2 protein chains.
Amino acid sequence: MSAGEVRGRKLRADVQRNRAALLETAQRHFLQYGVGTSLEAVAKEAGVGPGTLYRHFPTREALLAAVLQTRSEELVARQADIDRLGDPVVALEQWLRAMEEYFSAFSGLPDPLMAAARAQEPDNPLTIPCHILITATDQYVRAAQRAGRVRASVRGNDLFLAACSVAWIKGTGTEEESLDRLRTLIASGYRQQDSPA
Amino acid sequence: MSAGEVRGRKLRADVQRNRAALLETAQRHFLQYGVGTSLEAVAKEAGVGPGTLYRHFPTREALLAAVLQTRSEELVARQADIDRLGDPVVALEQWLRAMEEYFSAFSGLPDPLMAAARAQEPDNPLTIPCHILITATDQYVRAAQRAGRVRASVRGNDLFLAACSVAWIKGTGTEEESLDRLRTLIASGYRQQDSPA
DNA sequence: ACCTGAACACCGTTCAAGT
DNA sequence: ACCTGAACACCGTTCAAGT
């Protein structure tokens, strides 16, 4: 998708400028103040009226999803690197870390993401990336299970929830050491013990 | 602590009434709308001005902690029942569930609780219950470790974080089945495998 | 000593009026 | 077709004035 198009429709020059300014400003504000940042302030700093922001992005989730677009694509692209790793458990671990970083892009992001993951409402634009992530997680889980390295009872959704939890804990300001301990606990939970032959 | 006293000081009758009305109304609003509910609405429905609410409870956390007081005491009291169980792993499991229910008292509660658990600021009244819970969790973990039933690497804080995470996930509207799967994953993570003798 | 409620500075969201 | 910004209904918090 080129910069001047939205769903294939060419846009007037001023509309493109407004959209780009809104996205750029919103990203900066999400980074600095978290997902709950004032949309009024975003509009003002982008040099547009509040109505223009709502016209482009009817909900906060729509704006969030648009700002996350680039990161979503990067995450999907990263799968190619991960798939080249050979060891399916290492691949699963790296994938979980990659998701965690994605969830940690802005403070407070895990909440709307979880809401979207649960949602039946198909109008929430965050639902799509969530479903993609759960499906991808499931594939890594199955690959590791085929190699007998992950418990048969584990499903992709379980580890999606776990990764989202770790990102949420991280967002509350917990030190990296405690996070690592939690990650280790979770890894002990899904790994298949080597049966001593 | 009797109803008409705060830290041992006797209170004027109208002050008692205001305090009680605020707590009662706040609990109802926290239950119905979550921890982010409008304090202005609470004051109005309690029949007092906003200034009176702020005089009694200078921050949202102070009001939350006061409303949680009863539940905090119940949770501590429940330890006596749990301690009578015999099996240290069953005791640990029940304790984790009891904490989880406490964290789930109001929607959005895990966030201020985690913030308080991290905080160095001793003026946050939620910090005290958090530290009590972490210490208690650590005792259950150690007892189960002495019996060789929980991995030596696990600490109380790890399972405090895990229980808080599950409560957070629960608060996002995830179905009970998914929660149970997550709890099982965590339990697999902390349980010591029976070494096949 | 405590309470009241007006006042201030914010916010999300809509929509008539403009270009 | 798109943008503007005033307008409305909210909110947290403070503080002078009352009792």
Side-chain angles (χ1 to χ4, degrees), chain A residues 3-26 29-30 32-67 107-108 111-112 115 123-125, chain B residues 3-26 29-30 32-67 107-108 111-112 115 123-125:
Chain A
E5 300 185 10
V6 169
R7 261 165 292 156
R9 275 190 8 261
K10 289 217 176 105
L11 296 173
R12 235 168 57 182
D14 58 336
V15 177
Q16 288 181 34
R17 264 201 316 276
N18 282 338
R19 196 186 139 88
L22 281 169
L23 284 175
E24 194 274 328
T25 310
H29 281 235
F30 283 145
Q32 191 156 10
Y33 308 108
V35 297
T37 193
S38 159
L39 297 185
E40 198 191 21
V42 169
K44 190 172 291 182
E45 199 175 310
V48 303
T52 304
L53 189 155
Y54 279 91
R55 165 171 283 268
H56 281 272
F57 308 103
T59 63
R60 187 181 291 271
E61 282 73 31
L63 180 55
L64 249 182
V67 170
S107 106
D111 287 86
D123 52 324
N124 186 332
Chain B
E5 300 183 10
V6 169
R7 263 165 292 157
R9 275 189 10 260
K10 289 215 177 106
L11 295 174
R12 235 168 56 183
D14 58 335
V15 177
Q16 287 182 35
R17 265 200 316 276
N18 282 339
R19 196 187 140 87
L22 281 168
L23 284 175
E24 194 275 329
T25 310
H29 281 236
F30 283 145
Q32 191 157 11
Y33 307 108
V35 297
T37 193
S38 160
L39 298 185
E40 197 191 22
V42 169
K44 191 171 291 183
E45 200 176 309
V48 304
T52 304
L53 189 154
Y54 279 91
R55 166 171 283 269
H56 281 273
F57 308 104
T59 63
R60 187 180 292 270
E61 281 73 29
L63 180 56
L64 248 182
V67 171
S107 106
D111 286 87
D123 53 324
N124 186 332

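Proteins get letters first, then strands, A, B, ... in listed order; numbering begins at 1 in each. If you're wondering where the values come from, they're calculated on a predicted model, not measured in any experiment.
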Nearest-angstrom distance from the residue atom [atom1] of [X] to [atom2] of [N]:
X        : N       : atom1 : atom2 : answer
Leu53(B) : dT13(D) : CG    : P     : 10 Å
Arg17(A) : dC3(D)  : CZ    : P     : 10 Å
Arg19(B) : dC3(C)  : CZ    : C1'   : 16 Å
Asp14(A) : dT19(C) : CG    : C1'   : 10 Å
His56(B) : dA1(C)  : NE2   : C1'   : 11 Å

_Quick one, His56(B) and Val15(B) - any side-chain contact, counting heavy atoms below 4.5 Å?_
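Of all side-chain heavy-atom pairs linking Val15(B) with His56(B), at least one is under 4.5 Å.
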
*Between dC3(C), dT13(D), dC3(D), which one does the side chain of Asn18(B) approach most closely?*
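Selected nucleotide (nearest to the side chain): dC3(C).
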
_What's the closest nucleotide to the side chain of Arg55(B) if the choices are dA6(D), dT13(D), dC3(C)?_
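My answer, after comparing the listed nucleotides, is dC3(C).
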
*Look only at the side chain of Arg60(A) and the backbone of Val35(A), and say whether a donor-acceptor pair between them is shorter than 3.5 Å.*
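Here the side-chain-to-backbone pair exists.
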
*Sort out the partner of dT13(D) for me: Watson-Crick or G-U wobble, both distances under 3.5 Å, none otherwise.*
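In the structure as shown, dT13(D) has dA7(C) as its Watson-Crick or wobble partner.
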
*According to the Watson-Crick and G-U wobble definitions, with both distances under 3.5 Å, which nucleotide is paired to dC2(C)?*
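dC2(C) is paired, partner dG18(D).
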
Which atom pairs link the protein and nucleotides 8-12 of chain D when you take only N or O atoms and keep those under 3.5 Å?
unit_1  : atom_1 : unit_2   : atom_2 : d
dC11(D) : OP2    : Glu40(B) : OE1    : 3.1
dC11(D) : O5'    : Ser38(B) : OG     : 3.4
dG12(D) : OP1    : Leu39(B) : N      : 3.0
dG12(D) : OP1    : Arg60(B) : NH2    : 2.9
dG12(D) : OP2    : Ser38(B) : OG     : 3.4
dG12(D) : OP2    : Leu39(B) : N      : 3.2
dG12(D) : OP2    : Glu40(B) : N      : 2.9

*Could you grab the distance from atom CG of Leu23(B) to atom CZ of Phe57(B), nearest 0.5 Å is fine?*
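Separation between the atoms: 4.0 Å.
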
*Go through the structure and list residues passing side-chain hydrogen bond (donor to acceptor under 3.5 Å, both in side chains) with Glu24(B), not counting sequence neighbours.*
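By the side-chain hydrogen bond (donor to acceptor under 3.5 Å, both in side chains) rule, Glu24(B) matches Arg28(B).
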
*asked:* If the test is side chain to side chain contact (heavy atoms under 4.5 Å, CB included), which one of Val67(B), Thr25(B), Val42(B) qualifies with Phe30(B)?
replied: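 Of all the options given, the one that passes is Val67(B).
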
*Considering non-hydrogen atoms only, spot the tightest contact between Ala43(A) and Leu22(A) and give its length.*
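Minimum heavy-atom separation between Ala43(A) and Leu22(A): CA-CD2, 4.3 Å.
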
